[in-house]
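Taking it in order: structure first as structure tokens, then the write-up.
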2 protein chains.
Amino acid sequence: MKSTKRKNMPPEERRAQLLGCAQMLFFSKGFEDTTIQDVLDMASVSKGGFYHHFKSKDELLFGVLDGMAEGVFSQMAVVASDGTSSALDLLHSFIHLRANYLREHDYPGQVEFFRVMNQDKNMVLLEQFKRRVRTGAMPVLVRIIQKGCDEGTFTVADVDTAAELILFLSTFIDLALLRAIEARGTETADHAAEKLQAAIDMQFLTLDRVLGLPDGTTNFGWPEAVDVTMATQPPLPPSSN
Amino acid sequence: MKSTKRKNMPPEERRAQLLGCAQMLFFSKGFEDTTIQDVLDMASVSKGGFYHHFKSKDELLFGVLDGMAEGVFSQMAVVASDGTSSALDLLHSFIHLRANYLREHDYPGQVEFFRVMNQDKNMVLLEQFKRRVRTGAMPVLVRIIQKGCDEGTFTVADVDTAAELILFLSTFIDLALLRAIEARGTETADHAAEKLQAAIDMQFLTLDRVLGLPDGTTNFGWPEAVDVTMATQPPLPPSSN
DNA sequence: ATTTGCAGACCGCCGGTCGGTTTGCAAGAG
DNA sequence: CTCTTGCAAACCGACCGGCGGTCTGCAAAT
């Protein structure tokens, strides 16, 4: 008799454990290439045990997605409930939720996370995640823009559409960021870094112009972002002796 | 012995036939849910026959994608080779490649095509297709913008990044368009139509501002676009007697 | 006779099902 | 307070249908 010994656990704990294993595996192997059996092995659970808690592999995916979105939304609620700051300050906070999150947690890990999420095999995962974030962020951003319009700070034709456009724009740098990350340590790194900076600048500039603000208003930087990103270690550094 | 009779065909013809069947099935059932066997049945070919022409299911997908991108690229080549028009006219032609294509072919069919492509199950298909179009369109758009900058018409900080942003922006209306299409015939149709018009206007306005043009410059409309789209028949009209 | 196009049995694997087994726990009997 | 007893929740793992892909062989074309 090997480790055939079973180990009952309260449902929530099991669920959490399975979700944790699934998340790791989804990131490392991609959703499609991750087998239920992979999850079972990592969690030391049987098929029956798994299907007692999840009714399908897709439900597992949605569970992981929910867990990821939770962190984002909890921070957004803080911004949404702020009634005293100006619209521009709120926008500042809103835009920097992501950057702040990255800075406060270990950034290299986040870079790797971003890199893995943007692989082809994780396209479904990433796109679904983006959709959830957009859906959750819309009402918050709409309120901010509406407030800015009421204050006379912003000028847009349609608040909803503007919010949607800004959220749409918010992933523009991802392409350049991904290329920069993949170019780390190669001879094209400098060029990619320049283009990344250009993409960031252009994204902020476009944000200014969409909201009818003077150029440069929303360039609430984190100037060292590009350098920090490029300094992150690639998966396989040359020092393998 | 049923229709076990075999039917040899020249390789290109078979390939085209299989690609045609695959395209239809991919659109109707989605890529993941389409079985090789489905394609075999529709084309009346055996597994061996199929794998004689394609080495995997993915290669079949890429084949379909190539076929779809071909039409787009052939039109873009025309714009790219135009050396006489002004940058603004070139941009006009470039932006309207899609709209012109839609108008010249049967529009209702294109609407249905768009609707199907934007279903969740076709996410991989759509995203890969968008990527191909972006890749093919980049050099053309870069040339146009560069020309505009040389002429002094456009003002951008970085030509490549501006081109990328504009291509990125070009799919912004898709969300509103999809919602409008799905709202046809329902009580929310009017609202969706308004939002679609707002999205179109905002996309053009943003294009102006990204390129440093006066507001309204690039609003080379097709003013009846929204009405025509909304007038398209939904899949199941009420007159089924 | 040789090459090319094709047929269809076959393989390994995956997501999902199902009947049965184990475990924790609460209620009643002593 | 302890010891059955009962039962639902948690879990196991053999099993199934169907998938993408391989392989051997044969028939048509040249």
Side-chain angles (χ1 to χ4, degrees), chain A residues 1-26 28-65 120-125 128, chain B residues 1-23 25-26 28-65 120-122 124-125 128:
Chain A
M1 45 197 67
K2 299 279 293 298
S3 59
T4 344
K5 215 69 169 99
R6 75 190 273 180
K7 190 86 190 308
N8 277 21
M9 290 172 78
E12 290 180 19
E13 200 171 333
R14 258 278 183 266
R15 242 188 101 90
Q17 181 205 13
L18 288 166
L19 284 171
C21 295
Q23 186 165 25
M24 278 190 261
L25 288 165
F26 287 173
S28 59
K29 307 180 59 172
F31 174 68
E32 311 277 359
D33 291 346
T34 297
T35 300
I36 298 280
Q37 193 59 49
D38 292 335
V39 181
L40 304 185
D41 291 344
M42 180 175 284
S44 299
V45 183
S46 74
K47 264 235 171 107
F50 173 85
Y51 278 97
H52 180 72
H53 296 286
F54 296 91
K55 49 182 288 235
S56 72
K57 194 188 177 187
D58 280 330
E59 192 183 296
L60 187 64
L61 171 63
F62 294 142
V64 170
L65 251 34
D120 276 9
K121 62 188 180 186
N122 284 325
M123 216 166 67
V124 179
L125 197 67
Q128 294 276 6
Chain B
M1 50 199 67
K2 296 284 294 298
S3 59
T4 346
K5 215 62 173 115
R6 66 193 279 179
K7 192 100 185 295
N8 278 21
M9 290 173 77
E12 291 180 19
E13 200 170 334
R14 259 277 184 267
R15 239 188 103 90
Q17 182 205 13
L18 288 166
L19 284 172
C21 295
Q23 186 163 24
L25 288 165
F26 286 174
S28 60
K29 308 180 56 173
F31 174 68
E32 312 276 357
D33 291 346
T34 298
T35 300
I36 299 281
Q37 194 59 48
D38 292 335
V39 181
L40 303 185
D41 292 343
M42 180 176 284
S44 298
V45 183
S46 73
K47 257 207 175 145
F50 173 85
Y51 278 96
H52 181 72
H53 296 285
F54 297 91
K55 50 183 289 237
S56 73
K57 193 189 178 187
D58 281 330
E59 193 183 295
L60 186 65
L61 171 63
F62 295 142
V64 170
L65 252 33
D120 274 11
K121 62 188 181 188
N122 284 325
V124 179
L125 197 68
Q128 294 276 6

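Below, chain A is the first sequence line, B the second, and so on; all start at residue 1.
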>> So, OP1 or OP2 of dA10(D): does either fall under 4.0 Å of a side-chain N or O from Arg14(A)?
In response: no
> How long is the line joining CD of Gln37(B) and P of dT22(D), in whole Å?
Replying inline: 16 Å
>> If you compare every side-chain N and O of His53(A) against the phosphate oxygens of dA9(D) (OP1, OP2), does one of them come in below 4.0 Å?
In response: no
>> With side chain to side chain donor-acceptor pair (under 3.5 Å) as the test, pick out the partner of Lys29(B) among Asn122(B), Thr35(B), Asp38(B), Thr34(B).
In response: Asp38(B)
>> On DNA chain C, compare the nucleotides closest to Gly48(A) and Thr34(A); which residue's is nearer the 5' end?
In response: Thr34(A)
> CG of Leu18(B) versus P of dG5(C): gap in Å, rounded?
Replying inline: 13 Å
> Atom NE2 of His52(B) and atom C1' of dG20(D): how far apart are they, to the nearest Å?
Replying inline: 19 Å
> So what does Lys47(B) hit on the nucleic acid, given a heavy-atom distance under 4.0 Å: a base, only sugar-phosphate, or nothing?
Replying inline: base
>> If I take atom OH in residue Tyr51(B) and atom P in nucleotide dA9(C), what distance separates them, rounded to the nearest angstrom?
In response: 17 Å
> Does any non-hydrogen side-chain atom of Met9(A) lie less than 4.5 Å from one of Gln17(A)?
Replying inline: yes
> Choosing from dG21(D), dG15(C), dA10(D), which nucleotide comes nearest the side chain of Lys57(A)?
Replying inline: dG15(C)
> Taking the six-membered ring of Phe31(B), is the NZ or CZ of Lys57(B) close enough (under 6.0 Å from the centre) and on axis enough (within 45°)?
Replying inline: yes
> Rounding to a whole Å, what distance do you find between Phe50(A):CZ and dG13(D):P?
Replying inline: 17 Å
> Given atom CZ of Phe54(A) and atom P of dA10(D), what is their separation to the nearest angstrom?
Replying inline: 13 Å
>> Nearest whole Å is fine: how far is dC19(D) C1' from Asp33(B) CG?
In response: 12 Å
> Given dC11(D), is OP1 or OP2 found less than 4.0 Å from the side-chain N or O atoms of Ser46(A)?
Replying inline: no
>> If you assign each of Asp58(A) and Gly49(B) to its closest nucleotide in DNA chain C, which residue comes earlier from the 5' end?
In response: Gly49(B)
> Any donor-acceptor pair under 3.5 Å linking the side chain of Lys121(B) with the backbone of Phe26(B)?
Replying inline: no
> Please give, in whole Å, the distance from dT4(C) C1' to Glu13(B) CD?
Replying inline: 15 Å
> Do the non-hydrogen side-chain atoms of Leu19(A) and Phe54(A) ever get within less than 4.5 Å of each other?
Replying inline: yes
>> Nearest to the side chain of Val45(B), heavy atoms from C-beta on, is which of dG13(D), dA7(C), dA10(D)?
In response: dA7(C)
